[in-house]
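One structure below.
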Protein chains: 2
Amino acid sequence: MTDPAAGGLLARFAAARQDLGRSSTAARIADLLREQITNGELRPGERLPEEELCKAAKVSRNTLREAFRLLAHERLLVHEFNRGVFVNKLTADDLVDLFHVRRILECEGVRHAGGAAPGAIAALDAAVADGERAAARDDWRGVGTANIRFHQGLAALCGSPRVDEMMRHLLAELRLVFDVMGSPREFHEPYLARNRELTTILQRGEFAIAERELRMYLDDAERQIAGRYREREQAAG
Amino acid sequence: MTDPAAGGLLARFAAARQDLGRSSTAARIADLLREQITNGELRPGERLPEEELCKAAKVSRNTLREAFRLLAHERLLVHEFNRGVFVNKLTADDLVDLFHVRRILECEGVRHAGGAAPGAIAALDAAVADGERAAARDDWRGVGTANIRFHQGLAALCGSPRVDEMMRHLLAELRLVFDVMGSPREFHEPYLARNRELTTILQRGEFAIAERELRMYLDDAERQIAGRYREREQAAG
DNA sequence: GATTGAAGGATTGTTGAACGAGAAATAGAG
DNA sequence: CTCTATTTCTCGTTCAACAATCCTTCAATC
């Protein structure tokens with residue numbers, strides 16, 4: 001095909017062509033489902049009946065099943081043999097593990113931020129600035145989205161496509177938890193300033209300090225979410 | 001269903017029952033394909049034609065497609081829209097990234113091995129012993145399998161199900177590389193002693209030393225594989 | 001020789017109908 | 001209430017069909 005040594009115009013043209021509507025219906029349905037899960041329309045524990053969903057989506061049941069398989073690997077759906085497919089419902093253990101792996105990946109990124117690609121720290125700054133702008137116009141969903149981008153950017157300091165993908169999955173799973181957190185404002189607001197502070201420390205090249213700060217931040221966030229989880233489970237009886 | 005507080009006999013029975021033939025045909029076909037990929041019968045770059053494969057496996061094409069979707073998330077297969085499904089072929093960049101992420105996960109495990117679950121270091125010892133036994137009877141495939149178990153065990157020192165899964169995928173991908181490594185004996189033999197040494201250091205509780213040793217080990221392994229890769233690509237012209 | 005365009009064949013992606021198996025719900029008896 | 005049997009629902013799979021796309025081959029032109 002395209003000679004990899006040819007760089008420039010031809011390589012860019014080929015790459016751009018690759019993106020033009022070249023996705024399967026199954027992938028598109030998976031995107032749709034992912035969107036509904038992460039924006040809260042499909043809730044944790046909810047069952048996804050094939051017949052209903054394929055009619056609503058106007059696709060065949062086989063195609064829907066392929067989409068389900070695509071989403072199962074992101075842990076957004078849980079496939080239970082002969083019982084159907086459910087939106088994943090995180091347990092307290094899941095939460096502990098999620099934060100554990102976040103610590104591994106995000107702290108690794110921060111620890112080695114000195115060797116990160118040129119624009120990686122600038123991207124953090126941009127995410128924080130976007131969050132601040134969204135807060136200024138009371139767009140708390142936008143703040144949440146910028147926050148997610150910020151954390152994706154911390155792991156991206158590792159400069160590893162596989163780490164990036166793992167982090168995407170972790171953050172998608174974490175999105176399932178926002179359900180229990182109540183007001184987006186109340187949840188996200190305190191972290192805006194902390195994101196700004198972390199970014200400033202990183203820009204100063206104080207990576208060990210940044211790592212320490214990030215650990216405390218993640219500990220606090222975990223404690224907060226776990227606390228709400230416990231309340232929720234007690235309220236459910 | 002089973003009361004989670006009921007522990008003991010009933011919980012163990014329910015868990016065992018969960019494993020009894022409760023997998024779909026799609027999952028079973030995926031297992032079969034995974035086995036063929038990891039033992040070298042299906043080679044990197046090879047295309048998997050649906051019509052042929054579904055006839056050979058005696059399943060319907062829809063079921064085979066579901067199996068493909070299941071394997072794509074492990075990066076063992078690459079799904080190219082409208083062109084078919086291929087056994088993944090690792091690039092030199094993939095190799096660098098694989099070792100990068102291995103360093104993150106395995107070194108994290110070793111660094112914090114002091115807090116690992118009680119049997120975790122014993123499991124490393126068992127894997128090394130199995131490798132030594134396999135070598136003694138000239139079973140070099142068995143040595144390779146024990147080596148993989150050893151590395152899975154290093155990451156398992158983290159005590160995280162998500163890390164375990166990530167590591168499983170990394171090691172499965174790495175299996176794709178063994179194709180280029182020639183003689184299993186030549187490849188695996190030097191690492192037997194190093195696995196034994198690493199385990200001994202861990203058993204002595206010298207975790208920082210173990211981490212240093214593991215980094216050198218992974219650097220050496222990476223250099224070796226990358227060298228063979230370059231040779232192979234030059235030989236291919 | 002190289003390049004382009006057209007045609008044909010192969011295969012992928014999707015659809016819909018059908019059927020069997022397993023789980024869940026319901027009904028009836030003690 | 002518990003237990004058992006039956007019914008209903010839906011999941012998992014199969015099959016056949018068709019449209020769309022890709023790949024290969026061939027012919028024409030420079």
Side-chain angles (χ1 to χ4, degrees), chain A residues 1-3 6 9-10 13-33 42 45-73 76-89, chain B residues 1-3 6 10 13-33 42 45-73 76-88:
Chain A
M1 199 178 190
T2 316
D3 182 6
L9 176 67
L10 213 52
F13 184 71
R17 194 173 144 271
Q18 193 93 327
D19 295 334
L20 288 179
R22 318 254 324 154
S23 63
S24 61
T25 301
R28 275 189 255 113
I29 297 296
D31 286 344
L32 209 91
L33 288 170
L42 292 174
E46 200 164 353
R47 193 159 154 285
L48 309 188
E50 294 182 2
E51 198 70 49
E52 263 183 58
L53 276 206
C54 75
K55 284 197 170 64
K58 295 181 159 67
V59 297
S60 104
R61 198 152 69 77
N62 286 115
T63 303
L64 180 72
R65 289 181 61 85
E66 281 196 39
F68 283 163
R69 298 291 191 185
L70 284 173
L71 286 177
H73 93 265
L76 293 183
L77 298 184
V78 178
H79 207 112
E80 294 189 19
F81 184 62
N82 267 340
R83 299 188 65 241
V85 172
F86 300 79
V87 179
N88 197 9
K89 187 175 185 134
Chain B
M1 201 178 179
T2 315
D3 183 7
L10 212 54
F13 184 72
R17 196 172 141 269
Q18 192 94 326
D19 294 333
L20 287 180
R22 309 230 358 125
S23 62
S24 62
T25 302
R28 275 190 256 113
I29 299 295
D31 287 344
L32 210 92
L33 287 170
L42 290 174
E46 202 164 351
R47 191 160 152 284
L48 309 189
E50 295 181 2
E51 198 68 51
E52 263 183 58
L53 276 207
C54 75
K55 282 195 171 66
K58 296 182 159 69
V59 297
S60 101
R61 200 151 67 79
N62 287 111
T63 301
L64 180 71
R65 290 180 61 85
E66 282 195 37
F68 283 163
R69 297 294 193 183
L70 285 173
L71 286 176
H73 93 264
L76 293 182
L77 298 183
V78 178
H79 207 115
E80 294 189 20
F81 184 61
N82 267 339
R83 298 188 66 242
V85 171
F86 301 78
V87 180
N88 197 10

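All chains are named by letter (A, B, ...) in the order of the sequence lines, taking the proteins before the strands, and each is independently numbered beginning at 1.
For the pair A:L48/A:F86, no side-chain contact is recorded, criterion being any heavy-atom separation below 4.5 Å from C-beta on. Side-chain atoms of B:L33 and B:L70, non-hydrogen and from C-beta on, never get closer than 4.5 Å to each other.
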Original post:
Which nucleotides of nucleotides 10-20 of chain C have their base under 4.0 Å from a protein heavy atom (B), which only their sugar-phosphate (S), and which neither (-), written as one string 5' to 3'?
Top reply: -SBBBBBBB--
**OP:** List the steps, then state whether side-chain contact (heavy atoms from CB on, under 4.5 Å) holds for B:R61 with B:T63.
**Re:** CA-CA 5 Å; B:R61 200 151 67 79; B:T63 301; over 6 Å; no
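Remark: A:H73 engages A:H169, B:H73 in a ring-ring contact (aromatic ring centres under 6.0 Å, His included) (not counting sequence neighbours).
B:R47 places a side-chain N or O within donor-acceptor distance of the main-chain N or O of B:R83, the cut-off being under 3.5 Å.
C:dA23 atom P lies 12 Å from atom CZ of A:F86, rounded to whole Å.
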